Amino acid sequence: MRLSPRPALAATLMGAVLAVASCGSDTPAEGGSVTLTITANAISGGKNSASADWIKQWVIPRFEAAQKAAGRDVRVLFQPNGVDDEQYKTKIALDLKSKTGADVIDLDGIWVGEFAQAGYIKPLSEVGGSAVDAWEGWNQIPQAVQGLGIFEGKKYGLPQGTDGRVLFYNKALFARAGLPATWQPESWQEIIDAGEALKKLPGVTPIQINAGTAMGEATTMQGALPLLVGTGTEIYSNGKWTGASQGVKDMLDFYRKVYPGGLGDPKLQQEAKGRDKSFAEFAEGKIGILAEGDYFWRAVVEPTAGVAPMPERDKVVGYAKIPAMEPGAGVRGQDFVSMSGGAVRVLNPFSKNPGPAWELLSFMHSAEAVKAELAGAARVTSRTDVNEEVLAGDPMLKFIAEEILPITAYRPGLAVYPQVSTALQEATAAVVSGTPPEEAADAYRTKVEGIVGGPGNVSN
């Protein structure tokens with residue numbers, strides 16, 4: 001993939017200053033003053049401490065300085081939180097319902113649709129005006145990544161850091177099984193074929209793809225949804241939830257081939273700590289292929305600080321794109337697919353200063369600000385220009401940024417999604433236990449119809 005050229009990071013702050021100078025009529029006249037607020041589920045010394053520190057120590061003083069350089073008196077306050085995600089979600093919803101709250105708000109991307117449908121948030125351009133569409137940052141965020149903040153075709157939020165799902169594999173086991181060191185399956189059948197070769201190795205589980213309810217959302221995000229989009233099907237599309245479609249049946253049939261087919265460990269899917277155990281077994285050379293997000297690379301098998309460190313990670317661990325069921329069969333006609341998660345920042349539609357609030361939000365997502373938030377760490381961001389610089393020394397994360405983000409997909413940000421996700425997990429659990437895929441798909445459809453308000457809201 002050819003990436004856009006990276007602008008000089010040093011120019012970003014000046015760009016913010018110039019943009020401030022061109023704010024709309026709601027920007028205070030010279031000599032006036034404005035107070036803006038930022039809120040996030042972050043607090044210094046507690047939850048997401050680094051993010052809170054970045055806002056207080058970098059964003060606020062830099063933005064206030066930019067405003068001052070433009071002849072404006074702007075004060076920015078930070079409202080920290082350090083609570084359970086659902087508590088934070090409830091607080092933000094109550095603020096917006098009462099038309100109060102911070103000007104710039106952190107939201108989990110999975111909440112965007114729900115908040116939009118409730119009227120709590122509005123498209124960015126409706127709040128921030130024409131400056132939103134003219135922002136330089138859109139050219140640096142791949143269209144697929146922008147999808148994290150898009151609902152029904154409209155942009156409600158700016159995506160923060162994101163991630164991607166791939167297939168990890170053990171090169172040492174592959175060599176013993178006669179498989180290539182550089183492996184890129186082009187269909188599901190090629191994954192199964194590799195599993196059959198690995199099955200010949202004693203003490204090795206060929207394939208680990210999360211299943212069942214014990215692994216919770218990890219089953220949905222690492223397993224079911226990447227497979228589903230590989231059939232060209234999304235879990236929610238055109239205003240309807242997917243029921244017992246052919247795509248769902250094909251996805252469940254892949255689980256049948258892995259677990260009743262003897263290529264995976266069904267007991268692992270039922271254990272409360274099964275996912276953690278799968279991490280440990282992969283690190284010990286007992287699992288051949290494992291479907292996971294880039295978190296696995298940078299935090300699980302990381303050679304020195306990982307929860308299941310692999311000192312020889314860079315030599316032993318390979319990674320490949322998840323193929324569609326067959327070439328061209330994925331969503332958007334893709335040969336390869338992925339799923340991503342992440343958070344967004346939105347504008348409060350009830351802000352008394354929407355122009356300056358947009359300037360603050362876009363400043364927080366400038367290349368310079370995003371790089372500062374990383375504080376030297378190598379993590380995938382939403383911006384191509386930043387990724388080109390900070391991921392240059394980590395080929396795996398560079399692979400995520402360049403190869404995975406442009407083809408990724410996101411979960412629907414609707415209130416009933418968690419219940420639908422649980423039903424999907426239950427369907428995979430049934431197949432792992434031996435239920436035929438078509439029967440599991442029919443049971444899933446029935447559950448979804450009950451969750452989303454009847455058959456009229458389900459597409460089969």
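Because the structure is a prediction, the values reported are computed rather than measured. Below, all heavy atoms of this structure are taken into account, side chains as well, without hydrogens, waters or symmetry copies. For the single chain, residues carry numbers from 1 onward in sequence order.
- Once rounded to the nearest 0.5 Å, the distance linking CD of Q79 with CG of D106 reads 12.0 Å.
- Side-chain contact between P185 and P323: present, with at least one pair of heavy atoms (C-beta onward) separated by less than 4.5 Å.
- Taking each heavy atom of N81 and A40 in turn, the nearest pair found is ND2-O, 3.0 Å.
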Worked verdict on E302 versus R313 for salt bridge (Lys or Arg N to Asp or Glu O under 4.0 Å): CA-CA 7 Å; E302 200 281 327; R313 179 197 67 177; 5.0 Å; no
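- A salt bridge links R383 with E136: at least one charged nitrogen is closer than 4.0 Å to a carboxylate oxygen.
- Nearest heavy-atom pair, L405 versus A144, reported as atom, atom and distance to 0.1 Å: O-CB, 3.2 Å.
- Stacking of K257 on the aromatic ring of W188 is not recorded, the 6.0 Å distance cut-off and the 45° axial limit not both being met.
- Side chains of T37 and V104 form no contact here, defined as non-hydrogen atoms less than 4.5 Å apart.
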For V317 and K171, run side chain to side chain contact (heavy atoms under 4.5 Å, CB included): C-alpha distance rounded to whole Å, both residues' side-chain angles, the deciding distance at 0.1 Å, then the answer. CA-CA 6 Å; V317 181; K171 292 182 179 181; over 6 Å; no
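- With hydrogens and angles ignored, the 3.5 Å screen pairs a side-chain donor or acceptor of T90 with a backbone N or O of E86.
- The closest donor-acceptor contact from the side chain of S366 to the backbone of S362 lies at 3.5 Å or more, if one exists at all.
- Side-chain contact, E217 with Y417: a donor N or O sits under 3.5 Å from an acceptor N or O.
- Surrounding CD of E438 are at most 12 heavy atoms belonging to other residues, nucleotides or ligands under 6.0 Å away.
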Show me the donor-acceptor pairs, under 3.5 Å and distance only, between side chains in residues 450-460 and residues at least two apart or in other chains.
unit_1, atom_1, unit_2, atom_2, d
N457, ND2, V452, O, 2.8
N460, OD1, A244, N, 2.8

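- The nearest pair of heavy atoms linking N210 to E292 is ND2-OE2, 3.9 Å.
- When all heavy atoms are compared, the tightest approach of I404 to G164 is CG2-CA, 3.9 Å.
- Side-chain rings of F168 and F282 stay apart, their centers remaining 6.0 Å or farther from each other.
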Which side-chain N or O atoms in residues 110-133 pair as donor and acceptor under 3.5 Å with protein atoms at least two apart or in another chain?
unit_1, atom_1, unit_2, atom_2, d
E114, OE1, K89, NZ, 2.7
E114, OE2, K89, NZ, 3.4

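- N48 places a side-chain N or O within donor-acceptor distance of the main-chain N or O of N41, the cut-off being under 3.5 Å.
- Side-chain contact check for Y156 versus L347: every heavy-atom pair is 4.5 Å or farther apart.
- Residues V166 and D294 have side chains not in contact (no heavy-atom distance under 4.5 Å, counting atoms from C-beta outward).
- The existence of a salt bridge linking K286 and E284 is confirmed by a sub-4.0 Å separation between a basic side-chain nitrogen and an acidic carboxylate oxygen.
- Not one N or O on the side chain of S245 forms a donor-acceptor pair closer than 3.5 Å with the backbone of T242.
- Annotation: side chain of Y259 is not in contact with side chain of R256 (no heavy-atom distance under 4.5 Å).
- Y255 places a side-chain N or O within donor-acceptor distance of the main-chain N or O of A224, the cut-off being under 3.5 Å.
- Atom CG of L290 is separated from atom OH of Y169 by 14.0 Å, given to the nearest 0.5 angstrom.
- For Y319 and F399, the ring centers sit closer than 6.0 Å to each other.
- One finds no salt bridge joining K398 and E388 here, because no Lys/Arg side-chain nitrogen approaches an Asp/Glu carboxylate oxygen to under 4.0 Å.
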Yes or no on side chain to side chain contact (heavy atoms under 4.5 Å, CB included) for L374 and V386, after CA distance, side-chain angles and deciding distance? CA-CA 10 Å; L374 292 175; V386 175; 4.1 Å; yes
Determine, stepwise, if the pair D85 / K47 fulfils salt bridge (Lys or Arg N to Asp or Glu O under 4.0 Å). CA-CA 10 Å; D85 288 348; K47 188 169 187 174; 2.7 Å; yes
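- A salt bridge links E426 with K447: at least one charged nitrogen is closer than 4.0 Å to a carboxylate oxygen.
- Of the inter-residue distances, the one linking T381 atom OG1 with E389 atom CD reads 10.5 Å to the nearest 0.5 angstrom.
- One finds a salt bridge joining E403 and K321 here, because a Lys/Arg side-chain nitrogen approaches an Asp/Glu carboxylate oxygen to under 4.0 Å.
- Residues W138 and K155 form a side-chain contact, since some pair of their non-hydrogen atoms from C-beta on lies under 4.5 Å apart.
- Scanning both residues, L263 and T205, for their nearest heavy atoms gives O-CG2, 4.0 Å.
- Residues V431 and L252 approach most closely at CG1-O, 3.5 Å, considering heavy atoms.
- One distance of note links CD1 of I322 with CZ of R165; it measures 9.0 Å at 0.5 Å rounding.
- Two residues are said to be in side-chain contact when any heavy atoms from C-beta on lie closer than 4.5 Å; V59 and W54 meet this criterion.
- Proximity of T100 to F350: side-chain heavy atoms (C-beta onward) are nowhere separated by under 4.5 Å.
- Side chain of Q334 to backbone of F336: a donor-acceptor contact under 3.5 angstrom is found.
- Note: L268 CG to D276 CG = 10.0 Å, rounded to the nearest 0.5 Å.
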Could you check I192 against V258 for side chain to side chain contact (heavy atoms under 4.5 Å, CB included), going step by step and ending with a plain yes or no? CA-CA 7 Å; I192 298 299; V258 172; 4.1 Å; yes
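- Expressed to the nearest 0.5 Å, how far CD of Q269 lies from OG of S278 amounts to 7.5 Å.
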Test side chain to side chain contact (heavy atoms under 4.5 Å, CB included) on M310 and V316; report intermediate values, then the result. CA-CA 9 Å; M310 294 182 71; V316 175; 4.0 Å; yes
From CA spacing to verdict: side chain to side chain donor-acceptor pair (under 3.5 Å), T219, T428: CA-CA 8 Å; T219 286; T428 66; 5.1 Å; no
Step by step, would you call R275 with E281 a salt bridge (Lys or Arg N to Asp or Glu O under 4.0 Å)? CA-CA 10 Å; R275 190 180 179 209; E281 290 188 0; over 6 Å; no
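- A donor and an acceptor atom, one from each side chain of S421 and Q425, are located under 3.5 Å apart.
- The residues K91 and D95 are annotated as salt-bridged, a charged nitrogen and a carboxylate oxygen being separated by less than 4.0 angstrom.
- A salt bridge does not link K267 with D265: none of the charged nitrogens is closer than 4.0 Å to a carboxylate oxygen.
- At least one donor-acceptor pair under 3.5 Å links the side chain of S340 to the backbone N or O of D163.
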